[in-house]
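Notes for the one structure printed next.
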Amino acid sequence: MSISTPGPNPSETAEPIRFDTKLAVLLRADLASWQRLNVTAFLVSGLGATLPEVVGEPYEDADGTRYLPMFRQPVLVFEGEKETLRAAHGRALGRALPCAVFTADLFTTGNDRDNRAAVRAVPTAGLDLVGLAVYGPRNGVDKVLKGARMHP
C-alpha cells in the first residue's frame, strides 16, 4: 500500500503576482485620522462597484465558511496638499482613468442622495477635493499621482 503525500502548496511555490495596473487613493494631508479612513473606504467602494476586474474571488476558510471577495491587488494610499489633489484630479480626467472623488462638502451630509447632490452642485474646477481614487495602467496612475507621497 502506498501513501501519497500532498504536493507543494501552489501559493508557496508560485512566483509573486505582478500587476500592470494600479489602485490608488490620494488623500489631502490635513485630514483627521477618522476622515482619512472614512474617505478611503468611500472612495474604493466606487472602484469595486463599477470595475469588476479589480475584484478577486470570494474567500473561504478551512471550515468552509465563505467570505466576501476583496480587491485582487493592493490599494496604495498617498497623501498630498490641496494643490496636489487638484492637479492629480485634472490628470486623471485628462487620461480618462476611472476616478472617484470625495469633497469636503460630503463631511456635512448624511446620506447618498445628499452626497451626490453636493458634488453635482459644484463645477469640476471648484470641487474642494479631500480625496480621490484612481485605477488604470501602472504608469498612467503614477503620472496622475506625480507630486504625491506615500501615506505614512
Side-chain angles (χ1 to χ4, degrees), residues 9-61 66-152:
N9 182 336
S11 66
E12 293 174 359
T13 60
E15 290 294 317
I17 297 172
R18 303 282 183 225
F19 297 99
D20 58 355
T21 57
K22 187 179 267 189
L23 288 165
V25 172
L26 175 57
L27 302 171
R28 203 165 73 192
D30 63 350
L31 296 180
S33 293
W34 75 266
Q35 291 172 318
R36 291 171 186 253
L37 295 169
N38 184 265
V39 170
T40 300
F42 268 94
L43 288 170
V44 298
S45 70
L47 296 175
T50 58
L51 302 167
E53 69 270 21
V54 303
V55 179
E57 297 296 319
Y59 285 75
E60 185 175 315
D61 66 26
R66 294 182 52 92
Y67 303 96
L68 294 173
M70 295 185 284
F71 291 128
R72 65 182 181 94
Q73 67 188 88
V75 176
L76 301 173
V77 181
F78 296 81
E79 70 174 8
E81 305 309 318
K82 188 173 191 170
E83 300 75 26
T84 305
L85 266 96
R86 183 176 305 281
H89 181 241
R91 289 190 291 263
L93 295 178
R95 292 177 171 277
L97 293 178
C99 182
V101 297
F102 197 104
T103 67
D105 294 333
L106 301 187
F107 290 128
T108 64
T109 60
N111 62 75
D112 185 53
R113 182 185 65 242
D114 292 342
N115 287 350
R116 286 181 285 109
V119 174
R120 189 180 310 109
V122 181
T124 304
L127 293 173
D128 185 8
L129 296 170
V130 297
L132 67 86
V134 63
Y135 171 75
R138 178 178 293 281
N139 64 344
V141 173
D142 288 343
K143 289 176 182 175
V144 165
L145 298 173
K146 183 179 176 185
R149 58 194 174 274
M150 286 295 293
H151 190 282

D142/R138 ion pair, N-O < 4.0 Å: no

salt_bridge(R149, E81) N-O dist < 4.0 Å: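 Judged by the 4.0 Å cut-off on N to carboxylate O distance, R149 and E81 do form a salt bridge.
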
With rounding to the nearest 0.5 Å, note down the distance linking [atom1] in [X] to [atom2] in [Y].
X	Y	atom1	atom2	result
D114	L106	CG	CG	10.0 Å
L85	L26	CG	CG	4.0 Å
Y135	F71	OH	CZ	10.5 Å
R66	D61	CZ	CG	11.0 Å
F78	H151	CZ	NE2	11.5 Å
L27	L129	CG	CG	11.5 Å

Working for side-chain contact (heavy atoms from CB on, under 4.5 Å), residues V101 and H89: CA-CA 8 Å; V101 297; H89 181 241; 3.8 Å; yes

Which heavy atom of [X] sits nearest a heavy atom of [Y], and at what distance?
X	Y	answer
C99	A92	SG-CB, 4.3 Å
A24	L145	CB-CD1, 3.6 Å
P123	A121	CD-O, 4.1 Å
A118	T109	CB-CG2, 4.3 Å
G136	V141	N-CG2, 3.5 Å
A133	L47	CB-CD1, 3.9 Å

More than 12 heavy atoms from other groups under 6.0 Å of CD on E57: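 No, because the 6.0 Å sphere around CD of E57 holds 12 heavy atoms or fewer from other groups.
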
So do [Y] and [X] actually touch side chain to side chain, heavy atoms under 4.5 Å?
X	Y	value
V39	L43	yes
V44	L23	no
V144	R95	yes
V119	L127	yes
D128	K82	yes

Stepwise side-chain contact (heavy atoms from CB on, under 4.5 Å) check, V122 with T103: CA-CA 10 Å; V122 181; T103 67; over 6 Å; no

Is [X] reaching over with its side chain to a backbone N or O of [Y], donor-acceptor style, under 3.5 angstrom?
X	Y	answer
R36	A29	yes
Q73	T21	yes
R28	A104	no
R86	A125	yes

Mutual orientation of the aromatic rings belonging to W34 and F107 [parallel < 30°, tilted 30-60°, perpendicular > 60°]: perpendicular

All pairs passing side chain to side chain donor-acceptor pair (under 3.5 Å) where residues 46-55 contributes a residue, at least two apart: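 Counting only pairs at least two positions apart or across chains, no side chain to side chain donor-acceptor pair (under 3.5 Å) contact touches residues 46-55.
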
